[in-house]
Structures are given as C-alpha cells and as structure tokens.
Amino acid sequence: MPVTSVVPEVVAGTSLRHVLATLGEPLVRVLVAPLGLAVPVEDVVILDPEDPPEAHPGDLVLVIGARGRAAAAAIRAAGRGGAAAVAVKGEGGTEIAADAGVALLTVGAEARWEQVEALARGVVDAARAGGEAQTGEVLGDLFSLAQTVATLTGGLVSIEDTASRVLAYSRSSDEVDELRRLSILGREGPERYLAMLREWGVYQRLRAGEGIVRIDERPELGIRRRIAAGIHAGSQPLGTIWVQEGATPLTEQAEVALLGASRSLAPQLIRARTLPSPELRLREDLLAGLLDGRVDAESVADEIGADPARPAQVLAFALSSPGAVASDRQLRRAELVHLIAVHTAAYRRTALVSVLGGRVYALLPDLPEHSDAAVLALAREIVATARRHLDVPVRAALGGVVPRLSDAADSRGDADRVLATMARGRWPEPVASLADVRADVLLSEVLAYLADQPRIRDPRLAGLVAHDAEHGGILVPAVLAYLDAFGDVRAAARALNIHPNTVRYRVRRAGEVSGINLADPAQRLLTELQLRLRENA
C-alpha cells in the first residue's frame with residue numbers, strides 16, 4: 001500500500017522541483033514522484049553498496065553501484081527516513097519507490113556520479129545560505145541564463161569554465177551532437193574534441209578578448225555548427241559560452257545575444273569562483289563577528305580549537321591597484337584570500353581569514369612568545385607570493401599582539417591604522433608593523449581627536465587659515481615648512497624653493513595676522529597640530 005504523508009512547506013532552502021529544473025536532461029529525469037516535486041531537499045548524500053541503507057529527512061540520496069531494482073533496499077530505507085528523492089542508474093524500481101513514498105530519479109548512464117553530486121550540492125548549498133530565497137543562487141542563475149540565451153539564439157547553450165568544465169546548460173529536446181552530449185554527461189568536453197578545438201585555435205581566440213568565434217559543422221566528427229564567446233573580467237578569462245545549432249538555423253540575432261550574454265555572465269562566474277563553501281563561510285563569519293564585537297571570543301575559540309587566554313594578532317591586507325576593473329579586483333581579492341589562508345594555516349592551524357570592507361584580515365591565535373619576527377616574515381612571504389602570482393601590489397599591516405583573543409578587535413584597529421598610514425605614503429615598504437609607524441599612527445589619533453573636538457582648537461589659527469586663503473595661500477605653507485625644519489630658515493627655504501628672507505617675512509607676517517607666538521613651545525606645538533589637521537581634512 002503506498003505511503004501517504006504531508007509534504008512540509010518549503011520556507012527556506014530548495015525543492016526537488018528546483019534541483020530538477022536546474023540539472024534537467026540528459027543528466028537526470030524523474031521516474032516517479034509520489035509526493036510531488038515540492039518536497040524540500042536539504043542535503044545531498046552518497047550511498048555506497050557497502051554502507052547501511054539509511055537516510056534522513058530532506059536527503060537527495062545518490063545510490064552508487066546498484067542499478068534499478070538492485071537498489072530496492074536503499075529506496076525503502078530512503079522512504080522510511082523521509083528522504084526527498086533517490087537517484088539511481090537504470091529504469092527499474094518505480095513500484096518500490098511509489099510504495100515507499102519517495103521520488104525516484106534516473107541518472108544518465110554515462111554521467112559521472114561526482115558531477116551529479118557537485119551540481120546538486122551547489123544548488124542545495126546556495127539555497128541553504130539564503131541564495132535561492134533572497135538573491136538567486138549561482139548555479140540556478142547560470143542555468144536560467146543558459147535557457148534564456150537558448151531562446152534568443154535558437155540553439156543549445158552550454159557555459160564552461162576555463163578548464164572546459166560544464167557549469168550550466170540549456171534544456172532542449174532538439175538534436176544534440178556528440179560533443180555536447182558527452183560534455184554534459186561527463187561534465188567536461190572529451191579530450192579528443194578539446195584537442196581538436198585547441199588545434200583549430202578556438203581557445204586561443206576565445207581567450208584573446210571579446211568577440212564571436214565561429215566553428216563550422218564537421219559531420220564526419222559528429223560536430224554541428226557552433227558559435228562561442230569568451231567570458232572575461234578585465235583581461236582575465238573566466239570561461240566560455242557555447243551555442244550549438246540544432247535542427248533549425250540559429251536566429252539572425254544569435255551573435256548579438258551571445259555577445260551580450262558573455263558580458264552579463266562575468267559577474268556570475270566571479271560569484272561562482274569567489275563564493276565560499278558553507279564551512280569556509282562559517283569560519284569567515286566567525287572572524288568577522290569577533291572583530292565587529294558580535295561574537296564572543298570563547299565561542300570562536302571553541303569552534304576553531306584555540307585557547308582564548310593566549311595572545312593573538314591580526315594582520316590586514318589591502319590590494320593597491322586603484323586603476324583595476326572592479327570585477328578583476330574582486331577576483332584578485334578572492335585569490336588573495338585563498339593565498340593568505342594557506343600561508344597562515346601553515347603557521348597556525350587555528351588561523352582565520354575573512355574579508356571586511358574590502359580588506360582581508362587574518363587572525364593568528366595561540367601565538368607563542370617572541371613571535372614578532374616569525375609573523376613579520378610570514379607577512380612578507382604572503383606579499384611577495386601575491387605579487388608574483390596575482391601580479392598586483394599588496395600591502396600588509398601587522399596589528400599589535402594582544403594578550404587574549406577577546407582583544408582581537410584592538411589588534412585589528414592597529415592594523416587598520418597602519419594601513420591608513422601606508423596609504424598616505426608614510427612608509428615605503430609593502431609590509432609594516434605598528435612599531436614601524438607608531439609615531440604617524442599616534443599623530444593621526446591626535447589629529448582625529450582634534451577634528452572631533454572643535455572647542456579645544458585655537459580660533460586664532462582658524463583666522464590665519466581664512467586670511468591666507470583670501471591672500472594667495474602663502475603663509476600657512478611657510479609656517480609648516482619652518483616648523484618641520486625645527487626653525488631652520490634655510491632648510492625651510494630649500495623645501496619651498498624660495499629665498500630664506502621670504503620665509504622669514506612670511507613666518508613673521510603669519511604671527512602678526514594670527515597673534516600666535518611661535519617662540520612659545522606650547523603655541524608652536526598647537527600650531528603645527530592644528531595646521532596638520534587642515535592638511536589631513
């Protein structure tokens with residue numbers, strides 16, 4: 001007797017219908033769905049023949065090594081456990097699945113199980129992170145766009161990465177040639193076909209830049225006519241979008257539609273390459289929460305296996321390539337995150353890496369005594385490696401070592417101040433610690449305090465600045481040069497490229513206008529601070 005059940009409402013996550021719509025034929029199709037296609041899918045699990053047949057609510061169970069009715073035990077176990085669906089190779093087992101109250105899917109005979117798992121898990125993971133409900137998950141967006149391009153071009157569309165792995169494809173009952181069929185079932189183009197495309201110079205033209213590449217029909221090879229376009233972020237190749245001609249010719253606007261699609265795909269492929277896994281996203285969120293004060297140190301320490309009572313340090317990294325294309329910077333930053341994660345994990349197993357406000361932060365917990373030299377060497381190695389492999393300049397700032405993990409936000413603040421000082425050109429090297437630029441950092445702190453406290457500023461200096469702005473702006477620079485030179489008129493004159501007598505006159509005139517006595521140490525200090533505040537504004 002068939003099992004009856006109430007299907008839970010899908011509030012967050014994804015459904016079997018969405019997974020099937022994303023993957024589609026020829027990869028997978030439905031044999032039977034006794035509870036419909038709205039059942040929620042919460043996880044993707046692989047069941048090996050040697051594993052005990054068991055499942056949990058919401059599982060999409062991939063049964064490896066058992067075809068058709070041979071998977072009966074797994075199908076029944078999936079029904080008992082409340083699984084969403086079972087996927088097998090072969091056609092049998094529909095009656096068993098109907099009785100068990102679980103959907104049964106059949107997977108293409110030539111498809112690779114790791115491909116099915118990777119694509120299905122991508123949909124489920126993105127939905128679990130809120131993508132499907134809120135912003136549209138990466139794989140779903142790619143499949144949807146592929147289907148739209150297929151409609152506009154009248155062809156069969158596939159989207160590949162730079163390694164010729166198929167990321168998404170359009171669904172169609174039209175004639176599929178051998179290259180497309182094997183690419184979808186195997187997730188990447190067969191090597192013999194890829195070799196021919198390389199020999200014809202197709203990939204070289206696709207990597208060269210924007211534009212449509214045309215591939216003529218080769219009936220003897222089982223290849224139909226194609227057009228293709230490279231997908232780029234700035235000058236960096238991200239992948240390719242292909243359109244195979246089916247039983248009817250491509251539309252007149254096919255090439256225009258393909259070019260537009262290749263441009264609109266770049267942000268999505270960047271997301272696909274930069275979107276972290278749920279586990280990595282959790283670790284990134286832990287560090288972001290700790291540095292922002294939203295997560296307590298004990299919770300973070302428990303999660304990563306660190307001692308919250310031991311010293312910690314935060315390193316901050318920033319890409320310094322202001323002219324770069326935004327999408328290219330995003331890719332570079334994602335690559336930088338991975339590079340930093342590898343290096344810091346080698347130094348400290350419990351290290352955490354996250355991106356906040358465009359900067360990459362690395363937390364080093366459980367620091368041993370006298371770790372300064374080792375951490376400085378680590379930062380220099382990361383910067384040098386990033387310059388070699390990412391071909392962009394990177395700055396690294398070391399925050400101060402704090403006595404316990406709960407003070408990590410203080411170390412992050414130090415690192416931010418060091419980076420700000422480096423950005424102003426106050427340190428020539430790409431790596432700096434708080435000790436290297438402490439004077440500049442402290443001066444910035446004092447100036448920031450002055451900026452927030454107008455009541456403690458000397459109004460006479462405000463009057464001098466206003467007067468100078470109306471009369472050529474020559475007095476304030478002379479005073480600053482004079483103060484920088486510790487009263488050495490000739491040194492100040494050389495800095496300004498004017499005569500020493502001119503410096504003497506302008507400094508004296510500034511005193512007359514403002515009433516400030518630069519012979520008084522306190523007034524001299526306040527004058528320099530307040531005029532520096534104007535420079536930093």
Side-chain angles (χ1 to χ4, degrees), residues 316 318 320 322 376 379 383 393-400 413-537:
S320 34
L376 183 61
V383 168
V394 176
R395 296 192 187 102
L398 283 63
D414 292 341
D416 282 338
R417 296 180 189 97
V418 173
L419 273 183
T421 298
M422 297 170 75
R424 290 195 297 269
R426 303 289 292 179
W427 184 256
E429 301 298 323
V431 178
S433 67
L434 180 61
D436 293 325
V437 294
R438 191 180 299 276
D440 289 288
V441 169
L442 291 177
L443 177 59
S444 296
E445 298 265 314
V446 172
L447 293 179
Y449 181 78
L450 271 177
D452 291 337
Q453 302 291 333
R455 66 178 184 81
I456 65 174
R457 297 182 218 156
D458 192 330
R460 294 177 297 174
L461 289 170
L464 171 62
V465 169
H467 176 277
D468 202 31
E470 295 176 0
H471 296 83
I474 58 175
L475 300 185
V476 169
V479 172
L480 279 173
Y482 175 78
L483 293 172
D484 280 347
F486 303 102
D488 186 332
V489 173
R490 294 188 178 279
R494 286 194 297 270
L496 295 173
N497 198 26
I498 59 178
H499 195 277
N501 286 340
T502 305
V503 174
R504 292 188 182 93
Y505 168 75
R506 292 178 182 178
V507 170
R508 184 171 64 252
R509 179 61 182 152
E512 293 170 354
V513 169
S514 64
I516 295 292
N517 178 14
L518 293 181
D520 180 274
Q523 293 189 54
R524 189 165 60 243
L525 174 61
L526 182 60
T527 297
E528 179 156 13
L529 287 175
Q530 199 161 320
L531 294 184
R532 292 289 176 208
L533 177 61
R534 169 183 168 273
E535 276 194 334
N536 288 6

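Heavy-atom basis, side chains included; hydrogens, waters and symmetry copies ignored. All figures in this text were calculated on a predicted structure; none of them were measured in a lab.
For Gln523 (side chain) and Ile516 (main-chain N/O), no donor-acceptor pair under 3.5 Å exists by modelled atom type. Looking only at distances, a side-chain donor or acceptor of Arg460 sits under 3.5 Å from a matching main-chain atom of Gly515. Checked by atom type and distance alone, the side chain of Arg506 never pairs as donor or acceptor with a backbone atom of Leu475 at under 3.5 Å. Looking only at distances, a side-chain donor or acceptor of Asp468 sits under 3.5 Å from a matching main-chain atom of Val476.
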Ile498 and Val503: CA distance, side-chain angles, deciding distance, side chain to side chain contact (heavy atoms under 4.5 Å, CB included) verdict: CA-CA 7 Å; Ile498 59 178; Val503 174; 3.6 Å; yes

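Note that NE2 of His467 is 5.0 Å distant from CZ of Arg509, once rounded to the nearest 0.5 Å. Here CZ of Phe486 is found 10.5 Å from CZ of Arg524. Values are rounded to the nearest 0.5 Å. Within the model, atoms CG of Asp436 and OG1 of Thr421 stand 11.0 Å from one another, a figure rounded to the nearest 0.5 Å. The line from NE2 of His499 to CZ of Arg504 is 8.0 Å long, rounded to the nearest 0.5 Å.
For Val479 against Ala510, the heavy-atom pair with the smallest separation is CG2-CB, 3.5 Å. Scanning all heavy atoms of the two residues, the minimum distance from Val394 to Pro430 falls at O-CB, 3.7 Å. The nearest pair of heavy atoms linking Leu496 to Ala478 is CD1-CA, 3.7 Å. Of all heavy-atom pairs spanning Met422 and Glu429, the tightest one is CE-O, 3.4 Å. Looking at every heavy atom in both residues, Val383 comes nearest to Ala396 through CG2-CB, 3.6 Å. Ala379 and Leu398 get closest at one heavy-atom pair: CB-CD1, 3.7 Å.
No side-chain heavy atom of Leu480 sits less than 4.5 Å from a side-chain heavy atom of Pro477. Using a 4.5 Å cut-off on side-chain heavy atoms (C-beta onward), Val489 and Val507 make no contact.
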